[in-house]
K.L.:
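Dropping a structure here in structure tokens format, bear with me for questions.
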Amino acid sequence: MPSPYLPPSPELWLRPPAPLDAGRTPEAEPAFPALPGREEQEQTARQLQDLLHQAGLAATVTAAISTPAFLRLEISLSPGTSLEELNPLRQEIQRRLARPRPPRMLLPIPGRDRAGIEIPNLHPGRHTPEELFLDPDWPLAPGELPLLLGKDTVRLLTLDLAKEGNLLAAGYDSQGLGSLLRQFLLSLLSRQSPGEARLLLFSSQQETFRPFAKLPHLLLPPQKEAEAALGTLEWCLQETVRRRRLLAAAGARSLAEYQGTGEGDRPRLPRILWMAADLDALLAPRCARRAQELLLALSEAGAVGIHVVAATTGVLPEALRNAFSCRICGHLPKDGTARERLDIQEAECLQDQGDFLLHTGEGETLRLQTAHFSLELCTRAAECACASQPFHPQAELQTFLHRFLEGRRALQEANLEKGMPQLQFAEPTADDALKCVLAAGQARPDLLASALGVTRERAENLLDELAFHEYLGAPDATGARPIQREKLPPGALGEAAPTRKTLESLLEELSRKIAAGDPGSRTVAEYNKGVHAIGKKIVEEAAEVWMAAEYEKPESLSLEISQLLYHLMVLMLKKKLTLEDIYRQL
């Protein structure tokens, strides 16, 4: 029986909006320049041709393709002329054509024996939504769950999420990433009914998905709290397990096989798209560990029809990046870390708005450009989608999420002493831990874990760091440590900062402690354990330095390096080495 839902026709929501009521103001639409005219295109080609001749190169401009961001010219070289002879002309082409940056060169164009020169437009623009959604290739795009990505120089690019699995978008421009996700949602609305695809949306910035708050495709209203988004991920994992059992009972290896060969009474399973506009917010300390576990567990869930699409402006751990078979990287600043974000080195050259690189699971990298999808335009589209069916949140999922959040709150309250401050830190450090300890008046790992939103193991490590500086004493049977206020840094008590230590002064201080033989001194205890035990601590601290360099703030890295130096100095004293012995080897 056909679905009563009619996907919105792009002509309906791409048309100019009706006159606004008094007092309403539309969202400002960005004014992007049109494609360069034929006259401007021919003038640029002539200028380049003249420059090539003046440089003594037997080369001819044979073709041109114009895009909103650049003009690509095909160059044919006479026999005996090397493609590499074009490379030294980059700066001269920029100067002579008065362009904002040097051209990109394809030497040669892949699969051709000719060169390509991409000359940036004087006023780079973007494709319009009409160009994408009214393209005749879009209704013909293959796949069960096609997403409209954008255009390369001449063709429309789409991605079948049902085949590819999960998708990660990264870049430093959060507004550009938000527009890209809205483009994905509109492409889903124009091809999928609520019976075919359902949505779970998360964004800590409520505006990103505001136009889509009442879509009939939604399983729940868009979530803005990280804890609630974590709950929807938990539900997705449970749904994955349930679906795998259904497929196994039916003898099917994929959702497509299950749907295609099913009996008439077999329940229809819509594809579920879990989408996060800012994955970084979900990876805050309180949720990070479980969120990473869930995302990794869902990396193969596409086979049963559950897909994750997420955007990030940060750098993710390599294991988490690998949970996404397809990746899109947007333009970055000149010092951007494209390789650290998505392992796509070519992203360093993307500098235009809407410019992206798609890296597929097969290792192919494609360049594309998107359009700008404003909230006003998306609102018109969502109104068309909501016209025939109202939004009904799924009751079972609502109940699951309510119980999940209640359980999380109960667990947090159980671990939290009355009066303990609820402090939130993106990357907790020893300084953050000291503030919590002083505020609570006691140093216990369970209290610190609840206050900072970290695991007990991480809280114990932070307390160890404070004990290393002798701010805390040895733990008792419950794990609590006494606060040694007489040894606290003056800054923590509002006093003047102390004199800075040097390697020489620290080594001298450690020597005095070892000579005194204080049984309560951590330095003496480590020294007495011998070289093997000290070496294990050095290896452990070196690993901590590495991890801090990869994922934590500079303050955390400097703290880890200071601890590594401390253990190295204990080893030096054990082996009777001086700093002069070290300096001679530098």
K.L.:
Supply the atom-to-atom distance Leu298 CG to Glu239 CD, rounded to the nearest 0.5 angstrom.
P.N.:
11.0 Å
K.L.:
Does Gln192 use its side chain to pair, donor to acceptor, with the backbone of Ser190 at less than 3.5 Å?
P.N.:
no
K.L.:
What are the two closest non-hydrogen atoms of Cys236 and Leu200, and how far apart are they?
P.N.:
SG-CD1, 3.8 Å
K.L.:
Can you find a heavy atom in the side chain of Trp235 that is under 4.5 Å from one in the side chain of Gln394?
P.N.:
yes
K.L.:
Under the 3.5 angstrom rule, does the side chain of Asp278 hit a backbone N or O of Ala281 as a donor-acceptor pair?
P.N.:
no
K.L.:
Under a 3.5 Å distance rule, please check whether Ser179 uses its side chain to pair with a backbone N or O of Gln175 as donor and acceptor.
P.N.:
no
K.L.:
Nearest 0.5 Å please: distance from the OG atom of Ser299 over to the CG atom of Leu294.
P.N.:
11.5 Å
K.L.:
Salt bridge or not for Glu144 and Arg271, using N-O below 4.0 Å?
P.N.:
yes
K.L.:
Are side-chain heavy atoms of Leu295 and Leu279 found at a separation under 4.5 Å?
P.N.:
yes
K.L.:
Say you draw a straight line from OG of Ser325 to NE2 of His307; how long is it, rounded to the nearest 0.5 Å?
P.N.:
10.0 Å
K.L.:
Does Glu300 CD have over 12 foreign heavy atoms under 6.0 Å away?
P.N.:
no
K.L.:
For Leu220 versus Pro393, what's the shortest heavy-atom pair and its separation?
P.N.:
CD2-CB, 4.4 Å
K.L.:
For the residue pair Ser187 and Pro146, what are the closest heavy atoms and their distance?
P.N.:
OG-O, 4.2 Å
K.L.:
How about His217 and Leu273: do any of their side-chain heavy atoms sit closer than 4.5 Å?
P.N.:
no
K.L.:
Is any side-chain heavy atom of Leu177 less than 4.5 Å from a side-chain heavy atom of Thr313?
P.N.:
yes
K.L.:
Is the shortest side-chain N to carboxylate O distance from Asp135 to Arg155 below 4.0 Å?
P.N.:
no
K.L.:
So Asp160 and Pro142, do their side chains get closer than 4.5 Å, heavy atoms only?
P.N.:
no
K.L.:
Mark yes or no for whether Asn166, through its side chain, and Val308, through its backbone, hold a donor-acceptor pair below 3.5 Å.
P.N.:
yes
K.L.:
Are the side chain of Glu131 and the backbone N or O of Thr128 linked by a donor-acceptor pair below 3.5 Å?
P.N.:
yes
K.L.:
Spell out, as yes or no, whether a donor-acceptor pair under 3.5 Å connects the side chain of Arg191 to the backbone of Ala141.
P.N.:
yes
K.L.:
Just by distance, do the side chain of Thr232 and the backbone of Ala229 share a donor-acceptor pair under 3.5 Å?
P.N.:
yes
K.L.:
When rounded to the nearest 0.5 angstrom, what distance separates CG in Leu188 from CG in Leu148?
P.N.:
11.5 Å
K.L.:
Using the rule given for side-chain contact (heavy atoms from CB on, under 4.5 Å), can you reason through Arg182 versus Phe212, listing the C-alpha separation, both sets of side-chain angles and the distance that settles it, and then say yes or no?
P.N.:
CA-CA 9 Å; Arg182 292 195 289 268; Phe212 306 103; 3.9 Å; yes
K.L.:
Do you know which two heavy atoms are closest between Leu375 and Thr379, and how far apart they sit?
P.N.:
O-OG1, 2.7 Å
K.L.:
What distance do Leu401 atom CG and Glu234 atom CD have between them, rounded to the nearest 0.5 Å?
P.N.:
10.5 Å
K.L.:
Do the non-hydrogen side-chain atoms of Val309 and Phe324 ever get within less than 4.5 Å of each other?
P.N.:
no
K.L.:
Do Phe133 and Phe373 have ring centroids that are under 6.0 Å from one another?
P.N.:
yes
K.L.:
Would you say that more than 12 heavy atoms from the other residues, nucleotides or ligands in this model lie under 6.0 Å from the CZ of Arg290, or not?
P.N.:
yes
K.L.:
With a 4.5 Å heavy-atom cut-off, do Lys151 and Leu157 have their side chains touching?
P.N.:
no
K.L.:
How long is the straight-line distance from CD1 of Ile306 back to CZ of Arg242, given to the nearest 0.5 Å?
P.N.:
8.5 Å
K.L.:
For the side chain of Arg72 and the backbone of Glu118, is there at least one donor-acceptor N/O pair under 3.5 Å apart?
P.N.:
no
K.L.:
Can you check side-chain contact (heavy atoms from CB on, under 4.5 Å) on Met275 and Leu199, steps first, answer last?
P.N.:
CA-CA 8 Å; Met275 183 177 288; Leu199 295 170; 5.7 Å; no
K.L.:
Carefully, step by step, assess Leu186 and Cys378 under the rule side-chain contact (heavy atoms from CB on, under 4.5 Å).
P.N.:
CA-CA 7 Å; Leu186 292 181; Cys378 293; 3.9 Å; yes
K.L.:
Restricting to non-hydrogen atoms, name the atom on Ala323 and the atom on Leu296 that form the minimum distance, rounded to 0.1 Å.
P.N.:
CB-CD2, 3.9 Å
K.L.:
Is the Lys NZ or Arg CZ of Arg198 less than 6.0 Å from the centre of Trp274's six-membered ring, within 45° of the axis?
P.N.:
no
K.L.:
Determine yes or no for a side-chain-to-main-chain donor-acceptor pair under 3.5 angstrom, with Arg321 supplying the side chain and Ala319 the backbone.
P.N.:
no
K.L.:
So, for Phe184 and Leu167, which heavy atoms are closest and what is the spacing to 0.1 Å?
P.N.:
CE1-CD2, 3.6 Å
K.L.:
Is there a side-chain contact (heavy atoms from CB on, under 4.5 Å) between Glu560 and Glu544 once you walk through the steps?
P.N.:
CA-CA 6 Å; Glu560 297 295 349; Glu544 291 287 340; 3.3 Å; yes
K.L.:
Taking the side chain as C-beta and beyond, is there a heavy-atom pair between Phe391 and Pro216 under 4.5 Å?
P.N.:
no
K.L.:
Does Arg403, at its CZ atom, have more than 12 non-hydrogen atoms belonging to other residues, nucleotides or ligands within less than 6.0 Å?
P.N.:
no
K.L.:
Donor-acceptor pair, Gln183 side chain versus Leu149 backbone, under 3.5 Å?
P.N.:
yes
